[in-house]
Amino acid sequence: MGIFDLFSKRQKRLRGEVPDVYAYDDIPESLRVQIVHILREFLGNEREYNARDQWNEKYVNTGIRQVYELINGILCREYGVFSLVKHSNTAISDVFDFLLEEQNCERVLDVIELSFRYIDLFVRNRKFRFYENASEIADSAINELNARFKEHGIGYEFKDQSIIRVDSEFIHTESVKPALQLLSGKLYKAANSEFRQAHEHYRHKRYKDTLTWALKSLESAMKAICDKRGWKYGKGDTSKKLIDICLANKLIPDFWQSHFSGLRAVLEGGVPTGRNKMGGHGDGTDITVVPNHLAAYILHMTASTLV
């Protein structure tokens, strides 16, 4: 069905009643209801879930039942519970009720991420619900989810089967998305995984781990570049050594290195130094606290450096 630009929405925009700062710790009820509508449309609704063959009492839409049972089963197992809600009924109703009622924001995001991961996997399979233009349909579901996040001022986006945190729409568009796109190739599989780990730690406010995995992704990307071009490096080489190898082999031409006289200092003093000073070693006597803004800065710097 998609998103309609209703009169009331236009009036809110005219009055300036739109969120200008992203929120992260609360998923409003109206957004949860909209997400249930999306799941009903693209994964299947209660009527389809419960439909039986009039002749032999077999369930008709076994694919829909399997998907919701998978989502329900994975969440129950991971949370260490027998049912998601107090009064359990069917897998589809349990998933929807949990999504609508759960107070823990991160668990709500668990349901959303897992459900849309199955949209990305199952709906793209042309056999699921007999979709002919399956890929476009999956994209439209994901696009609507991301548009709803933005509409409500919620700082998350579903990208490549994961929910990632968005701090600045401009930085996200200019740095994070291009980095994820570039890392999607097989050559950068390790760097891609580590960059996503950094985002996952950031979303869960594990800021020291954010710095650690950000540097890992940068180092893995440089090693992949060296492998691609046949440049020798040591297995245990640190970021400084890898930067030296890349610059010495003219990954960045001399005339650009001369123009950006501080390029080496920027590369060496950015992500690696932040990680080493704040997150890479034992704290000793005093516990080092990494603030949110610093973790965000290093994470986005990593994205820009990767690009």
Side-chain angles (χ1 to χ4, degrees), residues 2-3 9 12-13 16-32 34-35 38-39 99 102 104-117 119-120 138-184 191-215 217-218 221 270-271 274 290-307:
I3 297 177
K9 287 186 183 179
K12 282 186 177 181
R13 288 200 300 271
E17 297 174 5
V18 290
D20 55 359
V21 177
Y22 285 133
Y24 304 96
D25 299 323
D26 179 54
I27 307 296
E29 182 183 2
S30 54
L31 175 56
R32 298 182 192 213
Q34 288 171 331
I35 291 170
I38 298 173
L39 296 181
L99 175 56
E102 174 60 31
N104 185 311
C105 180
E106 291 188 351
R107 289 193 167 192
V108 175
L109 291 170
D110 285 341
V111 185
I112 297 169
E113 181 181 75
L114 195 56
S115 299
F116 278 83
R117 189 172 292 173
I119 285 178
D120 209 21
D139 286 339
S140 66
I142 293 166
N143 290 338
E144 182 175 351
L145 171 68
N146 290 332
R148 296 297 184 188
F149 275 142
K150 187 179 294 185
E151 186 176 72
H152 288 270
I154 304 301
Y156 297 104
E157 180 181 72
F158 184 85
K159 175 75 174 175
D160 295 335
Q161 298 185 11
S162 297
I163 284 182
I164 58 176
R165 175 168 162 156
V166 179
D167 286 271
S168 159
E169 186 175 344
F170 176 80
I171 294 174
H172 186 72
T173 302
E174 297 297 322
S175 296
V176 177
K177 278 189 173 181
L180 289 169
Q181 183 65 35
L182 290 168
L183 293 177
S184 63
N192 186 27
S193 174
E194 289 157 353
F195 188 59
R196 291 180 179 281
Q197 284 277 3
H199 266 279
E200 188 69 9
H201 287 303
Y202 181 62
R203 181 159 74 88
H204 291 286
K205 302 180 181 179
R206 299 188 290 262
Y207 298 136
K208 284 187 181 180
D209 291 326
T210 301
L211 305 189
T212 299
W213 286 91
L215 179 61
S217 69
L218 181 58
V271 181
V290 179
N292 169 272
H293 66 269
L294 179 62
Y297 176 66
I298 295 294
L299 191 58
H300 294 132
M301 188 190 298
T302 302
S304 298
T305 306
L306 286 167
V307 173

Hits for side chain to side chain contact (heavy atoms under 4.5 Å, CB included) against Val108, two or more places apart or cross-chain, chain-then-number order -> Ile27, Arg32, Leu99, Glu102, Ile112
Residue set satisfying side chain to side chain contact (heavy atoms under 4.5 Å, CB included) with Glu174, at least two apart, ordered chain then number -> Phe170
Ala198 meets the side chain to side chain contact (heavy atoms under 4.5 Å, CB included) criterion, sequence neighbours left out, with Trp213, Ala214, Leu299
Those residues at least two apart in sequence (or on a different chain) that pass salt bridge (Lys or Arg N to Asp or Glu O under 4.0 Å) with Asp26 are none
task: Using a 4.5 Å cut-off on heavy atoms from C-beta on, say whether the side chain of Ser162 contacts that of Arg117.
output: yes
So salt bridge (charged side-chain N to carboxylate O under 4.0 Å, His left out) across residues 297-307, not counting sequence neighbours, yields none
Residue set satisfying side chain to side chain contact (heavy atoms under 4.5 Å, CB included) with Asn292, at least two apart, ordered chain then number -> Arg165, Tyr202, Tyr207
Quiz item: Quick one: are Leu180 and Ile164 in side-chain contact, heavy atoms under 4.5 Å?
Solution: yes
Tightest non-hydrogen contact, residues Ser184 and Asn192, listed as CA-ND2, 4.5 Å
Heavy-atom nearest pair, Thr173 first then Pro178, reads O-CD, 3.2 Å
To the nearest 0.5 Å, atom CD1 of Ile163 lies from atom CD of Glu106 at 11.0 Å
Rounded to the nearest 0.5 Å, the CD atom of Gln34 sits from the NE2 atom of His152 at a distance of 3.5 Å
**Message:** Looking only at the aromatic ring of each residue, does the gap between the centers of Tyr297 and His293 stay below 6.0 angstrom?
**Reply:** no
